Amino acid sequence: MLATIYDGIQRPLEKLYTLSGKNIERGIEVTALDHQKKWKFNPMVKKGQEVEQGDILGYVQETPAVTCKVMVPYGIKGTIKEINQGEYTIEETIAIIVDSKNKEHKVSMLQKWPVRKARPYHKKLNPDTMLVTGQRVVDTFFPITKGGTCAIPGAFGSGKTVLQHQLAKWSDADIIIYVGCGERGNEMTEVLSEFPSLTDPRTGDSLMNRTVLIANTSDMPVAAREASIYTGITIAEYYRDMGYNVALMADSTSRWAEALREMSGRLEEMPGEEGYPAYLGSRIAEFYERAGKVDCLGKEERIGTLTAIGAVSPAGGDISEPVSQGSLRIVKVFWGLDAALAAKRHFPSVNWLTSYSLYQEKIDKWTGEKLGKEFSQMRKEAMKILQEEASLQEIVQLVGLDAVSAQDRLTLEIARIIREDFLGQNSFDEVDTYTSLEKQKRMITVILTAYHKLQEAIEKGMDLEETISLPFIARIGKAKLIPEQEVTKEFNEIENQMQEQIANLEEKGAKTV
């Protein structure tokens, strides 16, 4: 399935185009997988071995980046009577399992599962590991766990699709499932043309080698659009059960809800708020609840995660409408996109005053082990500065900048650095598009160190204008463009320059007095 583009009911679009051209003909049927292609199967169990549902029988190298693990189908338990290495089609028998009633079960590499039914597992675990995305506003301020749920509401043009592209390319998930659900044709075309050309930063090969695309534009049948979300999450569960970390991007759940509304209307069901079906909230909950970190089926312990990130497209950015509210009741992370920030070319346009993450406590424990406990404290202090800036801006608009104290003006200047130089990223710059956690920590450390040092200088009577125009401050702003391998050297130099320039300023001030 990897490196394939499907429609909402798992028909490969490339084959459909070959058979029927630009428009899908009524009643056309194409198998989801190639039934003629042979795959090399490598067994991992032996004849006479006891197996149960979920146990791994063997593996196939599906793409250069991903190994597909062939599992014992659900409901089968017994002894391996026969298993062979070799090249098989997905329908040919690779193993025979005899159960306790001496009934033989022929197992092939093809598995079938109803998309509206969640795949089983032993138990659901607490998601406690961070999904590292390389996007600073996400990783530092509003992180998501592997196995977490997130909604990205935003008005048209606020950057939902671009953010999901960045997450698909840079997040440390093993498998990416991207569901384009009811979006405009030109937007989906951009995804289909861009993804195959993207380079996987892990392997250097095409990103499609670990990606499945499900494309349903707004002019495709509503029944397929309504099914596309379920198709995507079922494929995600299949790879999760192999023990992989899977990230599902749904763009957008609003179009899926509109398909639900249209189908509900045709079935003459009683409408709920704004014409959506009365069961809209429960359907949204069913979708997001299939995400999580699970102990997979099988005798050997195998942990898999499924992270669900859904974009929501409320009309005019009004999140009081039913789809946004239904999503926010379920998800644990809210990245609220701001059209005003997008208009200023601030990417990602995540509003730091309205967004939140309910996984923060778990992530703080994880980052404490990886980056040190001080990282959590610095994040809180940086957020406090941004919140203080919002209050000070209201005062500045009323009485002017000259009316606020020197300390408050310093707070405004440091908040500007955090906003423009830390939170803002250029997705087209090969360095700035991704920032490791270590570099994020160094960036926020040097910004807050500068804040404290400059506060002390102002308290000693140093001139504000001279203080905030020291050369090292401009260097902090350019630090995000420093390649990862040069981070330690660059930030050490900035810190040394900071100490030297502030000391010189204080010495100059002392002589003046």
Side-chain angles (χ1 to χ4, degrees), residues 1-20 24-25 27-44 53-54 56-76 83-96 105-119 174-180 192 195-196 205-216 220-221 223-224 227-244 246 248 304 306:
M1 290 186 289
L2 296 174
T4 307
I5 303 167
Y6 292 112
D7 76 342
I9 51 177
Q10 211 187 346
R11 295 180 298 184
L13 288 177
E14 290 170 301
K15 289 186 179 178
L16 288 177
Y17 179 76
T18 304
L19 292 173
S20 67
I24 301 173
E25 294 176 1
I28 191 168
E29 191 66 38
V30 183
T31 57
L33 300 169
D34 189 341
H35 286 232
Q36 307 303 318
K37 183 177 179 179
K38 287 185 177 284
W39 299 87
K40 186 178 180 182
F41 173 72
N42 301 284
M44 295 178 66
Q53 57 189 15
I56 295 173
L57 295 173
Y59 66 91
V60 172
Q61 195 64 43
E62 187 171 355
T63 69
V66 178
T67 301
C68 179
K69 299 165 186 176
V70 181
M71 299 167 286
V72 176
Y74 183 66
I76 296 178
I83 188 167
N84 298 304
Q85 182 175 358
E87 294 195 347
Y88 301 92
T89 65
I90 58 173
E91 290 183 306
E92 291 177 331
T93 301
I94 56 166
I96 299 175
H105 300 270
K106 293 182 178 180
V107 178
S108 68
M109 289 185 279
L110 175 66
Q111 286 202 16
K112 294 186 179 181
W113 191 265
V115 296
R116 295 176 192 277
K117 182 180 178 183
R119 285 177 63 91
D174 301 314
I175 308 289
I176 302 296
I177 313 294
Y178 190 95
V179 183
L192 299 182
F195 264 65
D205 296 328
S206 171
L207 185 65
M208 284 297 291
N209 285 337
R210 58 184 183 94
T211 303
V212 177
L213 291 179
I214 297 176
N216 260 90
M220 287 185 175
S228 61
I229 288 283
Y230 298 108
T231 302
I233 203 159
T234 304
I235 293 173
E237 286 175 333
Y238 175 67
Y239 286 103
R240 176 209 67 190
D241 290 347
M242 298 180 194
Y244 287 120
V246 186
L248 172 77
L306 199 172

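For this chain, numbers begin at 1 and follow the sequence in order. Because the structure is a prediction, the values reported are computed rather than measured.
Residues in residues 107-116 take part in these salt bridge (charged side-chain N to carboxylate O under 4.0 Å, His left out) pairs, two or more places apart or across chains: R116-E226.
With sequence neighbours left out, S108 forms a side-chain hydrogen bond (donor to acceptor under 3.5 Å, both in side chains) with no residue at all. Under the side-chain hydrogen bond (donor to acceptor under 3.5 Å, both in side chains) criterion, E62 pairs with Y239, not counting sequence neighbours. Listed by chain and residue number, K38 satisfy the salt bridge (charged side-chain N to carboxylate O under 4.0 Å, His left out) test with E92 (two or more places apart in sequence, or in another chain). For P73, the side chain to side chain contact (heavy atoms under 4.5 Å, CB included) criterion is met by I76, V107, not counting sequence neighbours. Taking the side chain to side chain contact (heavy atoms under 4.5 Å, CB included) definition, one finds that V115 meets it with Y230, T231, T234, sequence neighbours left out. A search for side chain to side chain contact (heavy atoms under 4.5 Å, CB included) contacts involving T4 returns Y6, P12, not counting sequence neighbours. In this view, D34 satisfies the side-chain hydrogen bond (donor to acceptor under 3.5 Å, both in side chains) rule with no residue, not counting sequence neighbours. By the side chain to side chain contact (heavy atoms under 4.5 Å, CB included) test, A215 is found to be paired with I5, L13, M188, L192, residues two or more places apart in sequence or in another chain being considered. Residues that satisfy the ring pair (Phe, Tyr, Trp, His ring centres under 6.0 Å) test with Y59, not counting sequence neighbours, are absent from this structure. Remark: Q111 engages no residue in a side-chain hydrogen bond (donor to acceptor under 3.5 Å, both in side chains) (not counting sequence neighbours).
With contacts defined as side-chain heavy-atom distances shorter than 4.5 Å, the pair H105/V72 does not qualify. Using a 4.5 Å heavy-atom cutoff, the side chains of Q36 and T89 are not in contact. Residues D174 and V246 have side chains not in contact (no heavy-atom distance under 4.5 Å, counting atoms from C-beta outward). Here the side chains of T63 and D205 are not in contact, with every heavy-atom distance at 4.5 Å or above.
Within a 6.0 Å radius of CD in E91, other residues, nucleotides and ligands contribute more than 12 heavy atoms.
Looking only at distances, no side-chain donor or acceptor of R119 sits under 3.5 Å from a matching main-chain atom of R240. Q85 places no side-chain N or O within donor-acceptor distance of the main-chain N or O of N42, the cut-off being under 3.5 Å.
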